[in-house]
Amino acid sequence: MNLSILIPLLNEEESLSELYNWIIKVMQSHNYTYEIIFLDDGSTDNSWTIIEGFAVENSNVKGVRFMKNFGKSQALHAGFAKAQGDVIITMDADLQDSPEEIPGLYDMITNGKYDLVSGWKKKRYDSVVAKNLPSKLFNWAARKTSGVELNDFNCGLKAYKNIVVKNIEVSGEMHRYIPVLAKNAGFGKIGEKVVQHQARKYGETKFGMERFINGFLDLITIWFLSRFGKRPMHLFGAMGSLMFIIGFLLAGYIGVSKLYHMYTDMRYSLVTNNPWFFIALTTMILGTQLFLAGFLGEIILRTKNNEERYKVSSEVNFL
């Protein structure tokens, strides 16, 4: 099978028929073998009923429905597990991603030998203040932190080799950072393609300004996980040991200094009257806690079990 097209969605009943017909037109004009997997992230409108209608009409259409809204990352995780195509395309359901871009993305994966190709909506039709400027700042920070040179981490239109999506774990709200996850998994050939951005035709965006705040927090998380996720003791243990040694040496100096003053009959005061004593004590306590945090992190990594991160209520056209 040439293509698996994954479409995560939440309450997009107005746009689904137009999107479906547009994708089918592109598939037929290029003679692709394909599957379209709609990933309903707990829609409360008629989206799932519409998807079931597509599935009856076309056996290449499949669907996964969550019992409630678990998030885009969980939807993509479910889709990646189900996808069978040689090339996986992800795109949003709001018609802001054009299916006409699919052949170009497919060609870059199959002929350009890329592991992953991310869309870049160079010309956008969103609000400059509410979305464009925060997005530019966010993408700049993501480039500097991750080392992945992409201009648009937030673009939902991406293409992957099948082997890539089978070897990455998308959880939390890490869908923005799939290229970083792929790089950390060893897939280094990551490309970018300028794609057309279309103004939203139906409904309202499901993401507000909070997505940029969450995005920056996730960026810190993925930076930490990429460097210390498999070895937390290397960070917390080193910091804890250093702080404990500094505190211990400082406390030792205070103690020796008092003994020297006592021995030479010089004037001295109680150790507890010296503010540096409490600084040393606090430093040792914090160092011990950091060391224990790293130690417990190592234990958790070795004993953790994979948890079920979402609940599926319905599926269509999966064997």
Problem - Greater than 12 external heavy atoms within 6.0 Å of Lys25's NZ - result: no
Exercise for the section: Could you check if a side-chain atom of Phe66 sits within less than 4.5 angstrom of a side-chain atom of Gln74, using non-hydrogen atoms only? Expected result: yes
Exercise for the section: Identify which one of Ile109, Asn167, Ile88 satisfies the side chain to side chain contact (heavy atoms under 4.5 Å, CB included) criterion when paired with Asn162. Expected result: Ile88
Practice task
State whether the number of non-hydrogen atoms from other residues, nucleotides or ligands found under 6.0 Å of Met67 atom CE is greater than 12.
Solution key: no
Practice task
Please find out if less than 6.0 Å separates the ring center of Phe291 from that of Phe244.
Solution key: no
Problem - Exercise: identify the closest heavy-atom pair between Asp97 and Gly156 - result: OD2-C, 4.0 Å
Exercise for the section: Side-chain contact test, heavy atoms from C-beta onward, threshold under 4.5 Å: evaluate it for Asp92 versus Lys72 and give yes or no. Expected result: yes
Exercise for the section: Might you point out which heavy atoms bring Leu16 and Ala93 nearest each other, and give the distance in Å? Expected result: CD2-CB, 4.3 Å
Problem - From His175 atom NE2 to Lys158 atom NZ, the distance as rounded to the nearest 0.5 Å - result: 8.5 Å
Exercise for the section: Check whether any side-chain heavy atom of Val26 sits under 4.5 Å from a side-chain heavy atom of Pro103, and report yes or no. Expected result: yes
Problem - Shortest non-hydrogen separation from Ser43 to Arg65 and the atoms involved - result: O-NH2, 4.1 Å
Practice task
Please name the pair of heavy atoms, one in Ile102 and one in Met27, separated by the smallest distance, quoted to 0.1 Å.
Solution key: CG2-CE, 4.0 Å
Fill in the blank from the handout: Grouping ILVMFWY residues whenever side-chain heavy atoms fall under 4.5 Å, the cluster of Val194 otherwise contains Trp120
Practice task
Taking the side chain as every heavy atom from C-beta outward, state whether Gln84 and Lys62 have any atom pair closer than 4.5 Å.
Solution key: yes
Problem - Exam field: side chain Ser257 to backbone Tyr253, donor-acceptor pair closer than 3.5 Å - result: no
Practice task
Check the side chains of Glu18 and Trp22 for a donor-acceptor pair under 3.5 angstrom, ignoring hydrogens and angles.
Solution key: no
Fill in the blank from the handout: In this structure, CG of Asn317 is separated from CD1 of Ile51 (nearest 0.5 Å) by 12.0 Å
Exercise for the section: Applying side chain to side chain donor-acceptor pair (under 3.5 Å), run through Asp41 and Asn69 and close with a yes or a no. Expected result: CA-CA 5 Å; Asp41 186 21; Asn69 177 227; 2.4 Å; yes
Exercise for the section: Start with the C-alpha distance between Glu101 and Lys193, add both sets of side-chain angles, then the distance that settles salt bridge (charged side-chain N to carboxylate O under 4.0 Å, His left out), and finish with yes or no. Expected result: CA-CA 9 Å; Glu101 304 287 354; Lys193 182 182 184 298; 2.8 Å; yes
Problem - Sub-4.5 Å side-chain heavy-atom contact between Ile168 and Ile178 - result: yes
Handout entry: Residues, nucleotides or ligands: over 12 heavy atoms within 6.0 Å of Phe318 CZ
Key = yes
Exercise for the section: Give the minimum heavy-atom separation between Met91 and Leu157, together with the two atoms involved. Expected result: CB-CD1, 3.7 Å
Problem - Rounded distance [0.5 Å steps], CD1 in Ile254 versus CG in Asn274 - result: 4.5 Å
Exercise for the section: Might you confirm whether atom OH of Tyr32 has over 12 heavy atoms from other residues, nucleotides or ligands at distances under 6.0 Å? Expected result: yes
Exercise for the section: Could you label the plane-to-plane angle of the Phe153 and Tyr177 rings as parallel, tilted or perpendicular, counting under 30° as parallel and over 60° as perpendicular? Expected result: tilted
Exercise for the section: Applying salt bridge (charged side-chain N to carboxylate O under 4.0 Å, His left out), run through Lys82 and Glu315 and close with a yes or a no. Expected result: CA-CA 11 Å; Lys82 298 284 190 182; Glu315 293 183 355; 3.1 Å; yes
Problem - Side-chain heavy-atom pair Phe38, Val64 within 4.5 angstrom cut-off - result: no
Handout entry: Leu249 atom CG: more than 12 heavy-atom contacts under 6.0 Å
Key = yes
Problem - Asp94 side chain to Ser15 side chain, donor-acceptor N/O pair below 3.5 angstrom - result: no
Problem - Residue pair Tyr34 / Ser4, side-chain heavy-atom distance below 4.5 Å - result: no
Practice task
Please test Asp115 against Lys161 for salt bridge (charged side-chain N to carboxylate O under 4.0 Å, His left out), starting from the C-alpha separation and ending with a verdict.
Solution key: CA-CA 5 Å; Asp115 296 318; Lys161 283 183 178 177; 3.5 Å; yes
Fill in the blank from the handout: Test side chain to side chain contact (heavy atoms under 4.5 Å, CB included), reference Ile36, set Leu3, Asn58, Ile7, output is Ile7
Handout entry: ILVMFWY cluster, Leu242 and Leu235 together (side-chain gap under 4.5 Å)
Key = no
Practice task
Start with the C-alpha distance between Leu9 and Leu39, add both sets of side-chain angles, then the distance that settles side-chain contact (heavy atoms from CB on, under 4.5 Å), and finish with yes or no.
Solution key: CA-CA 6 Å; Leu9 63 109; Leu39 305 160; 5.9 Å; no
Fill in the blank from the handout: Closest heavy-atom pair, Ser47 versus Asp40, reported as atoms and distance to 0.1 Å, is CB-OD2, 4.2 Å
Practice task
Report yes if some heavy atom in the side chain of Arg143 is under 4.5 Å from a heavy atom in the side chain of Asn151; otherwise report no.
Solution key: yes
Practice task
Would you check if the distance from the ring center of Tyr160 to the ring center of Phe80 is below 6.0 Å?
Solution key: yes
